[in-house]
Amino acid sequence: MLAVTLPDGSKREYPGAVTVAEIAASIGAGLAKAALAGRVDGKLVDLSTVVSKDAEVSIITGRDAEGLSIIRHSTAHLMAQAVKELFPEAQVTIGPSIENGFYYDFSYSRPFTPEDLERIEARMDELVKKNIPIVREEMPRNDAIAFFKGLGEHYKAEIIESIPEGEVISLYRQGDFVDLCRGPHVPSTGALKVHHLMKVAGAYWRGDSKNEMLQRIYGTAWATKDDQKAYLTMLAEAEKRDHRRLGRELDLFHLQDEAPGMVFWHARGWALWQVVEQYMRRVYQDNGYNEVKAPQLLDRSLWERSGHWAKYRENMFTTESENRYYALKPMNCPGHIQVFNSKLRSYRDLPLRIGEFGQCHRNEPSGALHGLMRVRGFTQDDGHIFCTEDQILAECEDFTRLVQEVYADFGFTEIAYKVATRPEKRIGEDAIWDKAEHALMASLDAIGIKYDILEGEGAFYGPKIEYHLKDCLGRSWQCGTIQVDFQMPGRLGAEYVGEDNTRKIPVMLHRAILGSLERWIGMLIEEFAGAFPLWLAPVQCAVAPITDNQIDYAKSVAAKLHEARIRVTTDLRGEKINYKIRELSLQKIPYILVVGEKEAQAGTVSVRMRGGKDLGVMKIEDFIKLALEENEKRSRA
């Protein structure tokens, strides 16, 4: 008898070898109908996979994350089949599942149009209705190369040629369409009912700008229509909140081709920046950080000693002067070590916390640039803590609590914690990495925080905790981080005098709360759809006289507000007051103060909140008190 152990610990016995699909059927008809794939002894497999020995088996459905990924990957194949049927001369290249969907890259003689996408999607629906079985096949490597060359699929043949000899080459066939893939896949096209094609974009073959530009068709796929509807609704809402559009409409910033990946901040956008920066400056001061400022350009030799030149060179901007080579800093840490090294330190000085609003430059690919979210020039609320090994745990605990407080002030309370462990390309011995990873996990355990492990996603010099927050649309953003680094201080000569009067190398904790200020502000714009809470609003109130007769009074009101440190503007145009109110409302200003003859005579203002709520008439002093109290609370209201 063959024994199968299910996820709940129960066992089922079978007289001989059995497929995963047959195991699902033996459990129940409902599960058999919902089954998409299986997991056998930890490995994802097709339903047709034969289990021939005792094993742990689980059935994967569309409710599982793995099941959704399989649906999306299979839908990429479905789209490729539809494209090949409609455009036989197109060559297929690579088509993976991605977050919320899939894409497939094609080589074709002309650009695909929106009308083409409609035809492709209609053909996909036809293939779904046919419920074509999807069957795995295996083929010797050389035979597979010849097979795809015979089909005219030279990109597929090139992929197979790059696979080491001896590896199994698996193909998946659905009707007349055959694709190279490791799998697993759904059992038939009938399982792929919920999908939608989104857009076409350019993509270089194998991501190399020296290669041919291909056409990438993006799509989304889901287990249920309700899930897809919710996602598309979220995308529509995200489009309304797009920080690039709002940046233009609210006169916050702009970008232009002469400075790719660099931001031109306008007065209102810079006012918002200053609010965020000054808030974080107080966080520095209240938590024992010494703010410093390090140079933008550093000699190549320093980057070589830090390890960045070997590991990060392709992302660095370089220049030359008087036969010396320099790099614009992509990170602030080497500069902060120079500050630490500027005088002899004692164990009594530790932990030493250094903070900087450090401007960095990274040579990101032009195709990856995206408004404020992905730039080449950015500023970090960067900090480094120099400490002893015994101090790591307490510093990491305190930092996590600080992150929670700061995010809450901005209105974010849902945080996911992830520990990124040692990458394949790294510096330092495994024993040191063991210590660093243990310290991070122990710090989260100590304050009762659950976390996920991101295997192999740490920095080359140390592991890190990532703090991911969710916005109002349910999107996840990775902002803050703390990294334990046993490597770089020693490479750059950092030392302190220990209690035993010997020289020791400090541990360096790299930490940021907001991360890139540009990205953080882009997130805030989208989170609040440009309608910032009062404490963040670039312009907190506007004063609008009803007629020209109240212009002097409006100016005096604005002067009092300015004196109270309330950010104010005036609308003194000779327009009707309803027009002014409508225009100022479109600027998403939290308060509009209307002043007419009665208000001028009584020394009052008529207060309207953003959204149209009328607070009535109040004395200027009372409004100032109201605004300052709301400012202090940092309310989302």
Side-chain angles (χ1 to χ4, degrees), residues 1-78 96-97 102 127-141 144 163 166-175 177-194 221-227 450-456:
M1 299 293 287
L2 183 149
V4 168
T5 304
L6 300 177
D8 62 1
S10 64
K11 293 184 181 291
R12 287 179 174 264
E13 293 189 337
Y14 301 90
V18 61
T19 66
V20 174
E22 289 169 338
I23 293 172
S26 72
I27 296 171
L31 182 61
K33 185 176 181 181
L36 298 174
R39 185 179 289 279
V40 178
D41 289 335
K43 181 182 178 182
L44 279 174
V45 298
D46 298 300
L47 286 177
S48 59
T49 297
V50 175
V51 180
S52 58
K53 62 179 182 178
D54 293 356
E56 294 182 355
V57 177
S58 57
I59 306 302
I60 304 299
T61 71
R63 293 191 297 270
D64 303 306
E66 300 100 326
L68 195 51
S69 179
I70 291 168
I71 285 173
R72 289 167 177 162
H73 194 175
S74 298
T75 307
H77 282 224
L78 177 72
S97 64
F102 60 91
L127 296 171
V128 168
K129 289 177 183 176
K130 291 180 179 179
N131 197 26
I132 304 167
I134 300 175
V135 181
R136 177 186 171 94
E137 301 175 358
E138 293 184 2
M139 190 178 290
R141 181 176 176 276
I163 297 173
E167 287 199 20
V168 173
I169 304 299
S170 58
L171 315 177
Y172 279 82
R173 182 184 298 276
Q174 50 198 64
F177 178 72
V178 182
D179 204 352
L180 170 71
C181 192
R182 292 179 180 174
H185 283 283
V186 300
S188 68
T189 59
L192 307 175
K193 295 182 176 68
V194 185
W222 299 84
T224 70
K225 289 183 178 180
D226 286 345
D227 288 343
K450 294 182 178 179
Y451 53 88
D452 295 322
I453 302 294
L454 301 177
E455 295 286 354

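We're numbering straight along the sequence, starting at 1.
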Polar contact flag, side-chain donor to acceptor under 3.5 angstrom, S69-S97: yes
Trace of the side chain to side chain contact (heavy atoms under 4.5 Å, CB included) decision for I134 with V186: CA-CA 7 Å; I134 300 175; V186 300; 3.7 Å; yes
Residue pair E22 / Y14, side-chain heavy-atom distance below 4.5 Å: no
Steps toward side chain to side chain contact (heavy atoms under 4.5 Å, CB included) verdict (Y172, L180): CA-CA 6 Å; Y172 279 82; L180 170 71; over 6 Å; no
Backbone of I169 reached by a side-chain donor or acceptor of R141 within 3.5 Å: no
Salt-bridge criterion met for R39 and E66 (N-O under 4.0 Å): yes
Backbone N/O of A3 and side chain of D54: donor-acceptor pair under 3.5 Å: yes
Sidechain-backbone polar pair: D8 side chain, S10 backbone, donor-acceptor under 3.5 Å: yes
Any donor-acceptor N/O pair, T75 side chain to I71 backbone, under 3.5 Å: yes
I60 vs V20, side chain to side chain contact (heavy atoms under 4.5 Å, CB included): CA-CA, chis, key distance, verdict: CA-CA 10 Å; I60 304 299; V20 174; over 6 Å; no
Main-chain N/O of N131 paired to S188 side chain as donor or acceptor, under 3.5 Å: no
Side chains of T224 and D226, donor plus acceptor under 3.5 Å: no
Straight-line distance of T5 OG1 to R12 CZ, nearest 0.5 Å: 12.0 Å
Salt-bridge criterion met for R136 and E138 (N-O under 4.0 Å): yes
Distance (rounded to the nearest 0.5 Å) between S52 OG and L2 CG: 7.5 Å
Which atom of A32 lies closest to which atom of A25, heavy atoms considered: CB-CA, 3.7 Å
Point-to-point distance, once rounded to the nearest 0.5 Å, from CD1 of I70 to CG of D64: 9.0 Å
Any pair counted as ring pair (Phe, Tyr, Trp, His ring centres under 6.0 Å), so long as it reaches residues 48-73, sequence neighbours left out: H73-H77, H73-H185
Student check: side-chain heavy atoms of I23 and V51 closer than 4.5 Å: yes
Closest non-hydrogen atom pair, V194 against A223: CG2-O, 4.2 Å
Closest heavy-atom pair and its distance - P184, V45: CB-C, 3.5 Å
Donor-acceptor pair, side chain of D41 and main chain of E56, under 3.5 angstrom: yes
Atom pair CG/CG of D227 and L68 - distance to nearest 0.5 Å: 7.5 Å
Main-chain N/O of S48 paired with T19 side-chain donor or acceptor, under 3.5 Å: no
Between OG1 on residue T189 and CD1 on residue I132, distance to nearest 0.5 Å: 4.5 Å
Any L36 side-chain heavy atom under 4.5 Å of L47 side chain: no
Value rounded to 0.5 Å, distance of CZ in F102 from CG in L78: 7.5 Å
